[in-house]
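Worksheet: one structure, shown below.
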Number of protein chains: 2
Amino acid sequence: MVSIADVAQDAGVSSSTVSYVLSGKRSISPETRRRVEASIHRLGYHPHAGARALASSRTNVLALSMPLRTDIDVPVLMGFVTSVVTAARKYDYDVLLLTNDEGPEGLRRVANSAMADALLVMDVEVDDPRIPVSQSLSCPTVLIGLPDEPGDLSCVDLDFSAAAKRCVHHLADLGHEHIALVGPSPAVYERGTSFATRFLRGFTTVARERGLHASSQPCAPSYEGVRDCLDGILVEQPRVTGLVVHNEAALGTLLSELRNRDMRVPEDVSVVAVSPDEMAANWPIPLTTVPLPSDDIGVLAVEMAMRELEGVKSPEVRLLSPRLTTARSTAQRH
Amino acid sequence: MVSIADVAQDAGVSSSTVSYVLSGKRSISPETRRRVEASIHRLGYHPHAGARALASSRTNVLALSMPLRTDIDVPVLMGFVTSVVTAARKYDYDVLLLTNDEGPEGLRRVANSAMADALLVMDVEVDDPRIPVSQSLSCPTVLIGLPDEPGDLSCVDLDFSAAAKRCVHHLADLGHEHIALVGPSPAVYERGTSFATRFLRGFTTVARERGLHASSQPCAPSYEGVRDCLDGILVEQPRVTGLVVHNEAALGTLLSELRNRDMRVPEDVSVVAVSPDEMAANWPIPLTTVPLPSDDIGVLAVEMAMRELEGVKSPEVRLLSPRLTTARSTAQRH
DNA sequence: TTGAAAGCGTTACCAA
DNA sequence: TTGGTAACGCTTTCAA
């Protein structure tokens, strides 16, 4: 392996000079810099990450803890992951992927053995065991999601309460008086994933404010789940004309089941959905949506981690304002 | 930070002894081992990964290179990723995630800077730029997928040719004489992803052998894509009674579009699909499928990498035999 | 069965 | 603007 010493010898300088050329932490004469860079190139030198980490106590690695579930929407998850990795590279960071099957121990292990400089924790639940562990670790941590007690950990998420409110206002503005929420899978509520609760709360609040008749149903992403959910809604609210869908995985099935029941969108029922950015084109009808900006969230999570690593920023909670893009799936009530 | 020297002092032994207690690379008296382990526990010692990597030239990290596409089926991808991470942990390995937006340079960077011991490359294309790079790296590499020229790299994938054959035989055995293949997105063919071609070839070969009338259409995963694809099939083959679907992302839309056109499954048309393991339950009707065993493939990829790292195994190509599980979506031709 | 000590490749401090 | 040189924390060879 070609080391910094080889480069130094080749360029006729000391190894510390080479190091400084690389890091830019002190000024180097143009001539020296040129020679060093030439040697680096000629010898095909690459710094050794382990040696660097040892000497500088910096790994340039971020650990990303990912849930291991089937009831969560996989494309959304993947959106986070890719945007985190891509954003991290902009800061010359790499990403180590942890899954939750190791439990919170993974975070502890990685932090203790100095494999990563900061921790990103996805899909946090209200009472997530990874939270106390992260807090005990004195390693900068950013949570993607919003637990009840973030303590001094940073959080970033979509403002799901505001998102629900936008959906309800939109339907109310169009004259709908009977609306229903198709929520996430029951399992999501049960394990206390806060975005579900926050969305539901926003939904209920504004529905009441606007004097609407509103109900809500969780919805398993299977065909039966969607069918039962629609049955439930139509029993409780036979006059429903507006649907808010907060369940990306069930959306496709739901739309085709509506058609199956001869409920036309938007003539018979308006549909507004929370949906990943990219999916818009995949539906039979352009959907009015509140996009779930997984890219923005991932990028922001990385940026917040970087700020904390630079020591110039204390932990904070950032909730992104939702946008609502209107399309043909919502219309004035007939 | 508590180091190995601290442990050694606390236990009254040398630091090399502590190291050997940890690695098990030489025998230690029970008494010494006990004392050392007690000290480790008491002081909360954790080995420093960077120092280890520097001294041993082993990182215990695997790099996983992931595509960054929207036309690939995301749940399948995620299946690979999670199974790789989980399997890696069994060998005390962690996984560094690379995306293809950095291009093949990511692999080079990670290997050169000794951030990983081996490379796993997902979703390889026939003429993938990551292949020559990997070959030049003298770093054990396992490809997930099967390129035209694997050279001396290991490969693991489902035997897609055999998978197609099973599907066609199944339909032929049920008496279907006019069948069609709903293939992946055109983009997948265009960029030469070999599984698409291998599947198509298997399909065509057996269809001819069995004397069937067969056609095939690529299919974009959008609603329009599915509609156009079905239109195309019904024009070319109005008498089709059997459909082979090799397009996980389009499957849901396709089923609902069939229903929309009053084509009942399986009464009017039998459907057999290549589909991720877990999805089976999500369809309105239990589907006859050839499961895509992403878990098995991920596990196998890790195992092959481990064998190569142990130096006891030379590169090999492993194609997994497909299973076919029958369900209600395929039936005897009426 | 154990210890001493020489690396591993960088960084960063102290001098010049 | 540069060089010398201690760390950094661990593994492993050589000796005992």
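In the text below, chain A, chain B and the rest are named by the order of the sequence lines, each starting its count at 1.
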Just by distance, no angles: are the side chains of [X] and [Y] close enough, under 3.5 Å, to form a donor-acceptor pair?
X: B:S16; Y: B:S19; value: no
X: B:R191; Y: B:T193; value: yes
X: B:T59; Y: B:D117; value: yes
X: B:S83; Y: B:T86; value: no

Measure from the side-chain N and O atoms of A:R58 to the backbone N and O of A:A53, and report whether any donor-acceptor pair falls under 3.5 Å.
no
For residues 15-37 of chain B, which residues have at least one heavy atom under 4.0 Å from DNA chain C?
B:S16, B:T17, B:R26, B:S27, B:I28, B:S29, B:T32
Side chain to side chain contact (heavy atoms under 4.5 Å, CB included) partner of B:V124, the single match among B:V126, B:D128, B:D127:
B:D128
Would you kindly give the [atom1]-to-[atom2] distance between [X] and [N], to the nearest whole Å?
X: A:I4; N: D:dT5; atom1: CD1; atom2: C1'; value: 14 Å
X: A:M1; N: C:dG7; atom1: CE; atom2: P; value: 18 Å
X: B:Q9; N: C:dA4; atom1: CD; atom2: P; value: 12 Å
X: B:R52; N: C:dG9; atom1: CZ; atom2: C1'; value: 18 Å

Would you call B:E303 and B:R307 a salt bridge, using N to O less than 4.0 angstrom?
no
Answer yes when A:E37 and A:R34 have at least one side-chain N-carboxylate O distance shorter than 4.0 Å, and no when they do not.
no
For A:S194, side chain to side chain donor-acceptor pair (under 3.5 Å) partners two or more places apart:
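Only A:R198 meet the side chain to side chain donor-acceptor pair (under 3.5 Å) criterion with A:S194.
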Who passes side chain to side chain donor-acceptor pair (under 3.5 Å) against B:R89, sequence neighbours left out?
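A:E102.
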Only pairs under 3.5 Å count here: list side-chain donor-acceptor contacts from residues 1-9 of chain B, not counting sequence neighbours, and write none if there are none.
unit_1 : atom_1 : unit_2 : atom_2 : d
B:S3   : OG     : B:A5   : N      : 3.2
B:D6   : OD2    : B:S3   : N      : 2.8

Looking at A:S56, I'd like to know whether one of its side-chain N or O atoms comes within less than 4.0 Å of OP1 or OP2 on C:dT11.
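Checking C:dT11 against A:S56, no side-chain N or O comes under 4.0 Å of OP1 or OP2.
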Can you identify which nucleotide, out of D:dG9, D:dT11, C:dT10, has its nearest atom closest to the B:A51 side chain?
D:dG9
Which nucleotide in the set D:dC10, D:dG9, C:dT10 lies at the smallest distance from any side-chain heavy atom of A:L54?
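Of D:dC10, D:dG9, C:dT10, D:dG9 is nearest to the side chain of A:L54.
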Terminal axes of the helix from C:dT1-D:dA16 to C:dA16-D:dT1 (five pairs each): angle between them, nearest 10 degrees:
30°
Can you pull out the residues from residues 40-48 of chain B that lie within a 4.0 Å heavy-atom distance of DNA chain D?
B:Y45, B:H46, B:P47, B:H48
